[in-house]
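Let me begin by presenting the structure, written as C-alpha cells, before commenting on it.
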Protein chains: 2
Amino acid sequence: MPPRSYVSPARSAAAAETRERVIEAASRTLREGESIARFSLDTVAKAAGVTRLTVYNQFGSRRGLLEAVFDEIARHGGLHQLADAMTMADPRAALDRMVEIFCRFWSRDSAVGRLHDAMATDPEFAEAIRERNERRRRGVTALIERIAGKHTSPQARKDAVDLIFALTSYPTFASLSAGRSKDEVCRVVQTACHAALANLSNPSS
Amino acid sequence: MPPRSYVSPARSAAAAETRERVIEAASRTLREGESIARFSLDTVAKAAGVTRLTVYNQFGSRRGLLEAVFDEIARHGGLHQLADAMTMADPRAALDRMVEIFCRFWSRDSAVGRLHDAMATDPEFAEAIRERNERRRRGVTALIERIAGKHTSPQARKDAVDLIFALTSYPTFASLSAGRSKDEVCRVVQTACHAALANLSNPSS
DNA sequence: GATTGACTATACATTATGTATATCTAATTT
DNA sequence: AAATTAGATATACATAATGTATAGTCAATC
C-alpha cells in the first residue's frame, strides 16, 4: 500500500521556526566564539534548545548549517542595494557605492569572518562561498567594462577587475580593519580602487 | 643521588635528522593534500617512517610541527634577500624588490597556503604567523617613511603602509594567482603599490 | 482512530589530538 | 664491562567532534 503523504501547515511552520532558531543560535555562537575551532554542532544545538540530531535533520551536515548561516547573513546584509548601485549613471560612483556596500556587509556581522575561516577546513564549503562571491566579481567586471575606453587592453581590464575584486574581499577588509572604523576602511579601499582605475588608461607604469 | 646527564653528539645528530625528516614529510603532506582538513599527525608520522609519539617528542603538538614547517619554508624561501633590498638607495625600487621577493616566497612552496589555512582553526598558530608577518610590516613602514615627504600626514602614511601590507599578503597573492603566473601577479601588485605611493602626495582623492 | 512528520533518546562507528606508562636500543659515562 | 641515559617505540587511554542507525514520542492531519 502506498504511504499517504501530506503537507502540514502547522508542522512546516514549526519546523521553519526551529530552523530559524538553530540558524540564529549558530550565528550567535560564531559571533561570540573567538575562533571557528570551538564551533561544534553540540554547542549550537544546546544554544538553540534542540538536539544535535535536529540540526542534522534540518541541515544535513555541519557544512549545510554553515551555508544556511551565510545565506541568512547575506539576506539581511544589505547586498540587495547592489542592484540600485549597478544602475547608477556614473560607473565610478557606482564602484564607490559598491565598495561601501561590501564594507558594510563585511562589518555588519562578525560571523562572516568565522565563516571565511571555515573555508580553510571544508573545501566544499569554500567552493560554495566562492560561488557566492562570483556575484561581486561579475559586478566589478560590468563596471570596469563601462569605465574602460576602447583602447584599453583586455589584460588591463582583467588586471583591474582582479585587483578590485581582491581589494573588496573579506581578507583585505579584515586586514585593514586593525585600528580603523568601517568607514575609514571604506575610504582606503575606495582610494585604492580609484588608483586601479587610473591604471586602465596608463597601461604601463 | 643526582642524575648524571650528558650531551651526545651522535644522539642529537640522529634526533636532528629525524626532525628534518618529519618536517620534510609534513611539508610534503601539506603540498600534496588539497586541503588542511586531511592533514593529521598520523599521516605525517607514517610518511616520515616514525611513530606519532615521535612527532610529539620533537614538536610538542600539531601547532609546534606547523610552526617548524613554516620556519623551514621561510629559511629556504629567499626572505634573506630583504636585507639587501632594504639598503637600496631608491626606496621605491626597494619596494618593487620587496614585492618581488614576497611574490616569489608565496609561490615557492604551496604548503604556505595550507599553513595560512591552519591559521583559521588554531588561534595561537595564527598569532605566531602574524608575528612573523610583522617583519614585512616593519619593512614597508621603513620604506614609506623614506618615501613620504615632510608634509605627508601620519594618517596618509598609515594608510599607505596598511594598504601595501595587505597587497603583499598571502591572501591577495592567492586571489590574484587565479590565471596568472607568479611574475604577472608581481607586476599587478607592484603597480598597485605605486598607486598607493601616489596617494602619499595626494592626501584627498 | 490510524498515520504521518518533526523531534527526541540512545547507541555506535570513526577520526583526531593529546597524555600516560612501560619497554627497547644504542650511545655515553663511570 | 656495567650502569645509565636519550631517543624512539608499543600500547593504552581520555576526550571531543562528525556522522549514521534505530527505536520511540507526540501532536497534526487524514
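We name chains A, B, ... by the order of the sequence lines, and we start the count at 1 in each one.
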Which residues in residues 49-66 of chain B have a heavy atom closer than 4.0 Å to any atom of DNA chain D? Gly49(B), Val50(B), Thr51(B), Leu53(B), Thr54(B), Asn57(B), Gln58(B)
Nearest-Å distance, [atom1] ([X]) to [atom2] ([N])?
| X | N | atom1 | atom2 | answer |
| --- | --- | --- | --- | --- |
| Asp122(A) | dA17(D) | CG | P | 17 Å |
| Arg11(A) | dT4(C) | CZ | C1' | 7 Å |
| Arg38(B) | dT14(C) | CZ | P | 15 Å |
| Asp42(B) | dT17(C) | CG | P | 8 Å |
| Leu41(A) | dT18(D) | CG | P | 4 Å |

Only one of Arg136(B), Gln81(B), Met88(B) forms a side-chain contact (heavy atoms from CB on, under 4.5 Å) with Met98(B), so which one is it? Arg136(B)
Nearest heavy atom decides the nucleotide; on that basis, is Ala10(B) or Thr43(B) closer to the 5' end of DNA chain C? Thr43(B)
Could you go through Arg97(B) and Asp84(B), starting from their C-alpha distance and side-chain angles, then the distance that decides it, and tell me whether this counts as salt bridge (charged side-chain N to carboxylate O under 4.0 Å, His left out)? CA-CA 10 Å; Arg97(B) 182 90 180 94; Asp84(B) 285 348; over 6 Å; no
Suppose the criterion is ring pair (Phe, Tyr, Trp, His ring centres under 6.0 Å): which pairs have a residue in residues 121-148 of chain A, not counting sequence neighbours? none
Would you say dA6(D) has OP1 or OP2 under 4.0 Å from some side-chain N or O of Ser12(B)? no
Does a nitrogen or oxygen in the side chain of Thr18(B) sit under 4.0 Å from OP1 or OP2 of dA8(D)? yes
Any non-hydrogen side-chain atom of Thr168(A) less than 4.5 Å from a side-chain atom of Thr172(A)? no
Are the charged groups of Arg62(B) and Asp122(B) less than 4.0 angstrom apart, N to O? no
Does the pair Glu134(B)/Arg138(B) count as a salt bridge with the N-to-O cut at 4.0 Å? no
